[in-house]
Amino acid sequence: MSRMLKKRAIKYPRYVTSKIGKTKAVEAIATLKQYVPTTKWMTAESLKQMLVQHKMVYIKPNVGMFGNGVIRVEYAEGSGALLPYSYQLGVHLKRFKTFEDMYASIIKKTGKERYLVQKGIHLLKYKGNRFDLRIMVQQTPERKWETTGVIGRVAHPTKIVTNFHNGGTLKPVDTLLEGYLKESEKEQFLKKLHVLGTGVARAIHTKYNGVKEIGVDVALDSELHPWILEVNTSPDPFIFRRLRDKRIFAKIRRYARAYGRL
């Protein structure tokens, strides 16, 4: 009996650590592929090719949390800059004359860990600071997927990541979208995000049957197109405590208790 349970636990994990695995699960659904920025294993070749194509990319560890190890890499092609290549890790920015010099420096930071390279999305800003959104999606007690909350995360002025546990600030989505959408457009836009969230959850669950909840990190570009930056299968439910509407966290907690998270 214990062998059966162990085998089942391996086959149906609740927590999925591989970012590339979760990305491929979402990309496999045709209707969701348009929301996934190009993501590849990082090599010298893939990083250089994507820098030439996109000018700005993010590299991140395949396994990691809270935005730790995420690096923003840029190439100022045709700008006449003496040091056209640059990357930022944490609050430290470094510039380089050649790609080879920059890549050698990056490899010293990443070590033997496997990293991904992802097309960079220029995030919308709130009071001059970049922000993205976290969509919380959970299985209901009836085992249906439901988007239970959406919250904004504003990056610290000196950092490239928005994570609350890495210096980010939590804000209601309404507040962040004030300068970008009319009041009458917000409700429809939020519905779109709710539908996107449940679609991503079903895609992840198709490949990883044990998953009960996800947090979808979504960037919005200048045209308000949502981009799925990452899917977290162990999202922090307590960030939603900070919203004024206490019913949101109450539902999140109730569902989480039903499947044994809290």
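For clarity, every value in this text was computed on a predicted model and none was experimentally measured.
- The hydrophobic cluster containing Tyr58, built from Ile/Leu/Val/Met/Phe/Trp/Tyr side-chain heavy atoms closer than 4.5 Å, also comprises Met56, Val70, Ile160, Val161.
- Considering all non-hydrogen atoms of both residues, Gln88 and Lys159 come closest at NE2-CA, 4.3 Å.
- The distance from the CZ atom of Arg72 to the CZ atom of Arg130 is 4.0 Å, given to the nearest 0.5 Å.
- Rounded to the nearest 0.5 Å, atoms OG1 (Thr43) and CD (Glu45) are 5.5 Å apart.
- Here the closest heavy-atom approach between residue Ile135 and residue Leu193 is recorded as CD1-O, 3.6 Å.
- Counting all heavy atoms, side chain and backbone alike, Ser234 lies closest to Glu213 at CA-OE2, 4.4 Å.
- Residues Ile204 and Val26 meet the side-chain proximity criterion, which asks for heavy atoms closer than 4.5 Å.
- Between Phe240 and Met136, some side-chain heavy-atom pair lies under the 4.5 Å cut-off.
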Report task. Begin from the C-alpha positions of Lys48 and Glu100 and carry the test side-chain contact (heavy atoms from CB on, under 4.5 Å) through to its verdict. Result -> CA-CA 9 Å; Lys48 190 170 188 177; Glu100 288 71 25; 3.7 Å; yes
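- Using a 4.5 Å heavy-atom cutoff, the side chains of Pro37 and His54 are not in contact.
- No side-chain heavy atom of Val52 sits less than 4.5 Å from a side-chain heavy atom of Phe99.
- Taking each heavy atom of Leu133 and Leu220 in turn, the nearest pair found is CD1-CD1, 3.9 Å.
- Ring to ring, His225 and Tyr35 are close: their centroids are under 6.0 angstrom apart.
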Query raised in the report: Can you check side-chain contact (heavy atoms from CB on, under 4.5 Å) on Met42 and Ile107, steps first, answer last?
Result: CA-CA 10 Å; Met42 189 194 78; Ile107 289 299; 4.2 Å; yes
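- Separating the CH2 atom in Trp227 from the CD1 atom in Ile121 is a distance of 5.0 Å, to the nearest 0.5 Å.
- The hydrophobic clustering, which links ILVMFWY residues whose side-chain heavy atoms are closer than 4.5 Å, places Val173 and Leu196 together.
- When the side chains of ILVMFWY residues are joined at heavy-atom separations under 4.5 Å, either directly or via intervening members, Met50 and Leu123 end up in two distinct hydrophobic clusters.
- The distance from atom OG1 of Thr39 to atom CD1 of Ile59, rounded to the nearest 0.5 Å, is 13.0 Å.
- Ion pair Lys24/Glu27 not flagged as a salt bridge, since none of the NZ, NE, NH1 or NH2 atoms sits closer than 4.0 Å to an Asp/Glu carboxylate oxygen.
- Residues Ile29 and Val16 are members of one and the same hydrophobic cluster, defined by side-chain heavy-atom contacts under 4.5 angstrom among Ile, Leu, Val, Met, Phe, Trp and Tyr.
- A salt bridge links Asp217 with Arg153: at least one charged nitrogen is closer than 4.0 Å to a carboxylate oxygen.
- The other members of the hydrophobic cluster of Leu116, by chain and number, are Ile20, Trp41 (side-chain heavy atoms under 4.5 Å, ILVMFWY only).
- Residues that satisfy the ring pair (Phe, Tyr, Trp, His ring centres under 6.0 Å) test with His156, not counting sequence neighbours, are absent from this structure.
- Of all heavy-atom pairs between Pro61 and Asn68, the closest is CG-O, 3.5 Å.
- By the 4.0 Å N-to-carboxylate-O rule, Arg95 lies too far from Glu74 to be salt-bridged with it.
- Note on Glu146 versus Lys144: no salt bridge recorded, every NZ/NE/NH1/NH2 to OD/OE distance being 4.0 Å or above.
- Separation of the Tyr15 and Tyr208 ring centroids does not fall under the 6.0 Å cut-off.
- Using a 4.5 Å heavy-atom threshold, the side chains of Thr233 and Thr17 count as separate.
- The distance from atom OG1 of Thr198 to atom CH2 of Trp145, rounded to the nearest 0.5 Å, is 10.0 Å.
- Among Arg143, Gln138, Gln139, the single residue meeting the side chain to side chain donor-acceptor pair (under 3.5 Å) criterion with Tyr259 is Gln138.
- Here the CG atom belonging to Leu83 is positioned 13.0 Å from the NZ atom belonging to Lys94, to the nearest 0.5 angstrom.
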Report task. Walk me through it: do Tyr103 and Phe96 pass the test ring pair (Phe, Tyr, Trp, His ring centres under 6.0 Å)? Result -> CA-CA 9 Å; Tyr103 188 71; Phe96 302 86; over 10 Å; no
Report task. Show your reasoning for whether side chain to side chain donor-acceptor pair (under 3.5 Å) applies to Tyr126 and Thr169. Result -> CA-CA 11 Å; Tyr126 172 74; Thr169 304; over 6 Å; no
Query raised in the report: Could you go step by step and tell me if Gln49 and Gln53 meet the side chain to side chain donor-acceptor pair (under 3.5 Å) rule?
Result: CA-CA 6 Å; Gln49 181 263 322; Gln53 186 175 359; 3.0 Å; yes
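- Cluster annotation: Leu51 and Leu89 are assigned to the same hydrophobic cluster (Ile/Leu/Val/Met/Phe/Trp/Tyr, side-chain heavy-atom contacts under 4.5 Å, transitive).
- The cluster map of Ile, Leu, Val, Met, Phe, Trp and Tyr, joined by side-chain heavy atoms under 4.5 Å apart, puts Leu190 and Ile239 in different clusters.
- In terms of heavy-atom proximity, Arg241 sits nearest to Lys246 at O-NZ, 2.8 Å.
- Using cut-offs of 30° and 60° on the angle between ring planes, the pair Tyr85 and Tyr75 is parallel.
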Query raised in the report: Hey, mind stepping through Thr140 and Thr148 against side-chain contact (heavy atoms from CB on, under 4.5 Å) and telling me if it holds?
Result: CA-CA 10 Å; Thr140 69; Thr148 48; over 6 Å; no
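- Within the 4.5 Å cutoff, the side chain of Glu187 has heavy atoms near those of the Lys191 side chain.
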Requested in this report: Mind running side-chain contact (heavy atoms from CB on, under 4.5 Å) on Lys60 and Lys19 for me, showing each step along the way?
Outcome: CA-CA 9 Å; Lys60 56 183 76 173; Lys19 290 184 176 71; 3.8 Å; yes
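- Inter-residue side-chain proximity for Lys109 and Tyr87 is flagged as met; some heavy-atom pair is nearer than 4.5 Å.
- Within the 4.5 Å cutoff, no side-chain heavy atoms of Arg261 are placed close to those of Lys212.
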